[in-house]
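Convention: sequence-line order gives letters A, B, ...; per-chain numbering from 1. What you see is a predicted model; the values in this text were computed from it and never measured.
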Amino acid sequence: MALIFPKSTDKYVKIGAAVLGLLAAGGGALAMLVGYPKVIMTGYQPVQPVPYSHKLHAGDLGMDCYYCHYTVDKSSHAAVPPTEVCMNCHTRVKANSPRLEKVRGSYETGKPIEWVRVHRVPDYVFFNHQSHVKAGVSCISCHGRVDQMIEVKQVEPLNMGMCLDCHRNPAPHIRPADQVTNLAWKPDRDPAEIGREIIQARGINPPEYCSGCHR
Amino acid sequence: MADLAIKDPHVTPVLVEGNPSLHEVTNDVAQIVEGINRNVPVQWYIALAITGSITLLLFAMLGYLVATGIGVWGNNQPVGWAWDITNFVFWIGIGHAGTLISAILFLFRQKWRTSINRFAEAMTLFAVACALIYPLFHTGRPWRAAYWLLPLPNTHLWVWPNFRSPLVWDVFAVSTYATVSALFWYVGLVPDLATMRDRATGLAQKIYGALSLGWRGSARHWRNYEMAYLILAGLSTPLVLSVHSVVSFDFATSVLPGWHTTIFPPYFVAGAIFSGFAMVVTLMVIARWAFQIEHLVTIKHLENMNKIMLATGTIVGYAYATEFFIAWYSGNPYERFVFINRAFGPYAWAYWTMISCNVISPQFFWFKKLRTSVAFMFVLSIFVNIGMWFERFVIIASSLHRDFLPSSWGYFVPTWVDILTFLGTFGLFLTLFLFFVRFLPMIAVSEVKGMMAHQQMHHDAHGHAAKDGAKTHDASPGLTPVTGGGH
Amino acid sequence: MIQITKKLTGKKYWRSLDQYYQTTEFQDWLNKEFPTQAQEMIDEPSRRNVLKLMAASFALGGLTACRRPVEHILPYSRGVENLIHGKPLFYNTVMSLGGSATGLTARTYEGRPTKIEGNPDHPASLGATRGYHQASVLSLYDPGRMPNVRGDGKDSDWNGFTSYVQTLSGSLGNGAGLRFLSEPMNSPSFTAVKKHALTRFPAAKWVEYSPIHTTATAQPVAPRIAFDKAAVVVALDSDFLGLDDTTVVAVKEFVRGGRKVTDENPLMNRLYAVEPQFSVTGAAADHRFRMKSSEIAGFAGALLSAVQSQELKVVGQGNSSADKALSAIAKDLAANRGKSVVVAGPRQSGAVHQIVHQINQALGNVGPVVTYLKPASDQTRPQLDALKELAGEMANGQVNTLVITAWNPAFNAPADLEFEANLKKVANVIYLAQDLDETAMASKWAIPAAHYLESWGDAVAFDGTASIQQPTIQPLHGGKTAAELVAFVSGYKDLKAYDIVRNHWLPVVGGEKAWKKALHDGVIRPAAAVAGSAAPVFDTATPAPPTGGYEVIFVPSWSVFDGRFVNNAWLQETPDPMTKLTWDNAALVSQATARKLAVAMGDVIAIERNGRKVEGAVMIQPGLADDTIVIPVGYGRTKVGQVGEGAGFNAYKIRTSDTFGYGGGFNVSKTGRVYPLARTQEFEYQEEPKLVGFQEDVVRPIVREGTIEEFKKNPHFATEMVEHPPLKSLYGDYDYSKGQQWAMAIDLNACVGCNACMVACVAENNIGVVGKEQVARGREMHWIRMDRYYTGPVDEPQVVTAPIPCMQCETAPCENVCPVAATVHSPEGLNDMVYNRCVGTRYCSNNCPYKVRRFNFLNWHINEAEVTKMVYNPEVTVRMRGVMEKCTYCVQRIQNAKIDAKVEGRRWLKDGEVTPACAQACPSDAIVFGNVNDLESRVAKMKVSPRNYGMLAELNTKPRTTYLAKLRNPNPELQPVTAAEEHHG
Amino acid sequence: MVVKHTNSPALKEKSVYGVVAEFDRPEALVAAGHQIHHGLGYKKIDALTPFPIHGIDDAIGVPRSILGYIVFGFGLFGLLNAIFMIWYTNGYDYPLVIGGKPLFAWEFSIPPMFELTILFSAFAAVFGMFALNGLPKFYHPIFEMEGWERATDDRYMLVIEASDPKFDIEQTPRVLSELGALRTEVIAK
């Protein structure tokens, strides 16, 4: 009787299967790579309405983070400063630079500057800056070397895995209170060791249970 | 079930009537498919149009549900589960007959299974497909449940399922069952697909050819094939028992009076077989009439299934009685109340529907006249289907609606969405079935032929075999076909 | 829950149904009873929301999109004084309701008040609140509030009103045609403005009126009863634990006085309640007797002669159980001379109060227990007389200008005064309107009223302690206060509320510093002297109400008070403590009366007297006086915002000035219509319903109670009510002996079932309101509910109440069954519920023996106005559709307290440093929360009380919330049937 | 290509796949196979039948299937897999206190352990079977024989492959005919 499939069919079937297998494997690997939090959740760097350079202020001029983000050790929110704070200096410094147009405008009209939010956690996560800063967790742990960024960029995934890694092993991220905002801090010995000592002394026990952050 | 084995080796039961030749058998089955291929009877299209539109209705309801919320159903506090899980258990239960026939009856060497197992297995798959809708869509956020219930990584954090939860056990049990049943079904199909391939022409031949993977029926194939089939049967037997046991754990491991019962696993399994066979009978009665295969699916087959329904139905009835006794005997007031409430409370109507359909009606099958009457068994099998649905509803709703604290007691009333969704699953079920009978051999031809050849041997050997039915195989000169007969 | 299958009228809170009320389909549909139809009706509108819903759900689900939507941060342009973004600010203020002031503390976030607590320094609050106070913050954000000034039925503005007043003031002359109608005055600064106004217009008249008579307003003298000094209390038609007063003082003192029973000190006060309705006071009573209001006077008289006659032989004339008990009660009183009290409710006539006063005098209770104070208001004549006179003057055109600062008189004035009609006869009606209500529609000018949380004011408490009403937010709709309006109309053009209040108080307190302190403390010390005469004069002139036929009793509603909270969804959904009815009022009748009328639950009856008629649904409530119909007033508003419209029926329609409190002579007829009622609790008894003959009687030992005698005999009677095998775990137990372990103890003997905890919980935890249908379907969301069970004989039952929050079981059945580990245990013993992990299988709720878990069957927040969303507590996630939620012990408060402690370098919290909303609001201090591992904590001490038992602990759930059994202190001479005895017998 | 009858050996042996003989009854097939294998000592024999014929394996010397061992191995793997998965996810990677139960315990692990064992075994059984059978194999010379369609219907084919040392393009078909084949046919590669 007539042949259903030519002789070569099986060859092609084998090749096809092999190709499919490779594609599946490759695709899976790719998905894992792309899906990896560090990859998909970082790198967000929006353009801000005012060309404010953290590198200049926090880095070169060496202003302390607290100066602008003055509620970071008092409240869950790290306040984005009122225009007032900018004007404390800029009434004299660069008083009529065109790049500060928006700032002066806001100060005169009382209309807020529309800063674009860079770092965010979902609504159901209750992150508290005060408790972290007071415990000695440096800004750098979540925000990176902001003092070297001209335009602020998200460098950490800020996902739950990241939170838990630190909550389960806080020592490497704990610093003496006076070094929290010193992003360039280079201790002479193993920072984790220092962290452990502080944890011992202060009895720091970060929550690992759900209601610690989800309410 | 060994008591269902054919008692007397001398009188071989008529499992195929009119003593057709093997070729005629092949034709009878294959031509159902091919005949349709050439000119499909208009009835088929009408049927498909009806079931198809009901299926669309199902999808519409599910879409509406996902878009709006579980609130479109009647579920409430305290009746957190109602028709959703009732339908799930109902369909899963129906999904037990197929694998049971293929596996357990195979191990018990029930030759009569060969004419109905393919059909029953198909039914199993479609029933499980319908069942699988509910565990997913009864959740408040199915788009999350879809992958959070499985041990898969997730971008935010690898939070894992809770393996203490019977629902997770369910996910494993039901998905395993679905997979294994599908494999079992396909393995059984391969030789017949080869047969179809060798009869077909053109595109059909290509398709059947591809599906049959170049099956040649070589002795080397058959040897591995039989081993695989035997192993699958051996695996499926505990599996089929485990599935409904695990489903029953959803209730048995809870603290709720009326759910927290050790009798559930066996009693659920019995109930599942009961409902499964009922559904097979319902559909088979229609199919054998519609496709004129009465000589392949004989009264004998149907009668055997009715016997099994009689047996399992009685087991189920006994379980109901035991529940009551234990509730009384436990002296636990909550336990006692739940059962009194079942029989005499707001859901008494459901309870007595269940009793009359599941316990009383199958008793008619004690009479041979009735259990061999096609019309009667058809009606009765439908009653059993209804009864078994109500069993699940009674267990779920009547236990939930009045539990420990009277302050939180309530009542459940279904909404039109509840009703149409359930109706829709029947649409899906039947649509799949229509495609099955249209494109695949609904009877395991190779097995039937094997069995016939074996009975042929029997005649030639004019029953010189030993008195024991099981031994006959070994005794007859090494020419006994195996599938459907066993070694 | 037959209601489910039936038509449910009344406003659906979470979606509008206007379009249906016109259509004919709706009318046909009314007659059908198929749930499928009902479902159609309910679901139709939400199809339009499909897309919104999907969006909402995904957004809230926190789906990480590859492309992130741009979010803006808008900082202040200039910093705000002492505002720290994300930290709450607390302001002390004061709220007046029904003529009494309650000092409150408002919690604000970024200038939004979100939560009200009691001010512990305030004598009328002592830190606790009623549901009204808790919910008042929602009324502030009510989208139905009066949005702008209305003149001559058209939208106008303040300027328009100004010019109008300018032209008007010319025509006012000496004020002969000028009248003022205000709420009962308890605001010193407003009183000052009033004086100014009346001096400016000498011929003008000022009338005070409130539709609800409270202890503070019913009589020309305000009795001050120190319940903590009374060993025996006899309440005659008095709901002093309930709504006789909107403050919580009586509850606090009554409980402190003799309900906090310990095994060292098993002393308990005794409460007799003789009443027509079934009030929470009756529920708390050790002996409760039902008696028609009209018979109270006779009973009081008999009691008087009994206590006066030395041998106490006198018995009551009637043959009710109360009359039989009379001599025993008299003996009991006589045995407690100087430390007992008889109290009559504000609905009773002055004559009754007179008698009660004489009884107290005869018993020497006046002085040690009862003193009489000057009411805050200086209006000496009975309110109704003044109002009647005003109505008369309006009718015959003597009034050409009427300034109304009282709430909605057109709706709530006695029907016989035809107030709404008479308003039309007045040329210039100026009305300070909360919303566009009946009165606003009948007025020439309607001015938006400022909410107390957004305006300056003051109020003086019963003991003369004044408090400044401090605003927490700018007026949302540019509302005015009563004082401002009156000042404005009477010619003080640009006098702001702030000036009015400050000008009045600055000299009084003496200086800026004291003023600041007054604002900070929320009270002004010393209190003004308010002592009244020892020989009080009661209003005996007003004749007693008519009798005969059916007697109707008009009571304030727990939900809407006099109707002003009809548009407040939190209160509407909070069930009545006794009837468990939501979103409606009903005509409450006893079984006997229901039989007599041949009506069942939900049957609509017509109640008629002198041609005034109203139709309303019947609800059968055990324990009411026969031939008596109890009707909560305030429902059946016709002009109201989206929440309250169509809820209940308007009892004011048949409430005339002669039947103001209660009255007989009503005719009742059946209409044949049925009106479905939505209740949160359908089963009234702990006894299992008798379904079949051979079923034995089982009383479930859930809310356990006994008598004080039983307690003395066997302090552990409660735990011994249940026998069970030793509770062993398959795996062995988890160790909770370390660290802080949170737990709660609820003293059922203190709880009066006032529901304050429920409303407080709703306010604190952003709990969704579901509306009437959904309640009827059993989908209400309250994290803490108030279970109410009747015990004893059906016609003379007693009542036990129990707040049921999550038990935070150590071996929680809910946790085991969750497939995605969305509910797990914290090392501090909390049963955490993780909304963002929940997929909503509802398995946990099924497996919860207490059924305290609540599922978001639909998106309850979908139709909430933007302004209403301002009330959300930013510390708590707003749950989306499809997830489970439940009581968390206010974990947000625990976490914040822990953070504060850590910042201070403390590991452990002090006892009382964290208080859940329910415990904080509780007027009777029944709910106590704390760390059980701190043996000094109040909760740890309660846990070791012999009365302490775990509900359903026999299931080995190891609940963290436990209960202290309820006790009754019956008079040995009157053998009562207590539930405890039924357990044994 | 197909060649009828046996007298003119047009076919070179090396281009021949083998000889197929068609029988109409299973007994005949088995008898013939038995004779060919045990009697005449042919090795490379195969039987192609529409349904399994018991006894043919011994007759033509087909060894027992080894599938069982494969399945057992995979089943065991499935079991260990399940144990590891539950321990790793619930007990190690993300420990959570749930209902006061231990992080890992065999009691609550039994159902998934069982199911995964079954699942892996089933996969092994099916795909193992196909693998052992060298399926899928869409082309096979035998398909070219005349009247193949009846090999899956009601005829029983016996094949002697050309690679068999005793194979003889003249003899073998004759032998088969003598053993009662209805007809024989030489199949090209």
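Within the 4.5 angstrom heavy-atom criterion, no atom of A/Pro49 approaches chain C. With a 4.5 angstrom heavy-atom cutoff, A/Asp73 does not touch chain C via any of its atoms. Contacts of C/Ser826 with chain A are made by both backbone and side-chain atoms, with heavy-atom separations under 4.5 Å. Contacts of C/Glu885 with chain A are absent, with no heavy-atom separation under 4.5 Å from either backbone or side chain.
The choice from C/Asp832, C/Thr888, C/Asp900 that makes the most heavy-atom pairs within less than 4.5 Å of chain A is C/Asp832. When A/His129, A/Lys134, A/Lys74, A/His77 are compared by the number of non-hydrogen pairs under 4.5 Å with chain C, A/His77 comes out ahead. When A/Gln130, A/Arg202, A/Met87, A/Glu208 are compared by the number of non-hydrogen pairs under 4.5 Å with chain C, A/Gln130 comes out ahead. Considering only heavy-atom pairs separated by less than 4.5 Å from chain A, the leading option among C/Gln892, C/Glu828, C/Met833 is C/Gln892.
In summary, the side chains of C/Lys898 and C/Gln740 do not present any donor paired with an acceptor at a separation below 3.5 Å, with no hydrogens or angles considered. C/His861 and C/Tyr872 are linked by a side-chain donor-acceptor pair at a separation below 3.5 angstrom, with hydrogens and angles left out of the test. Looking only at atom types and distance, the side chain of C/Thr877 has no donor-acceptor partner in the side chain of A/Asp123 under 3.5 Å away. C/Tyr850 and C/Thr961 share no donor-acceptor pair across their side chains, judged by distance under 3.5 Å alone.
In this structure the side chain of C/Arg960 reaches within 4.5 angstrom of the side chain of C/Glu810, judged on heavy atoms.
Nearest heavy-atom pair, C/Asn831 versus C/Ala812, reported as atom, atom and distance to 0.1 Å: ND2-CB, 4.1 Å.
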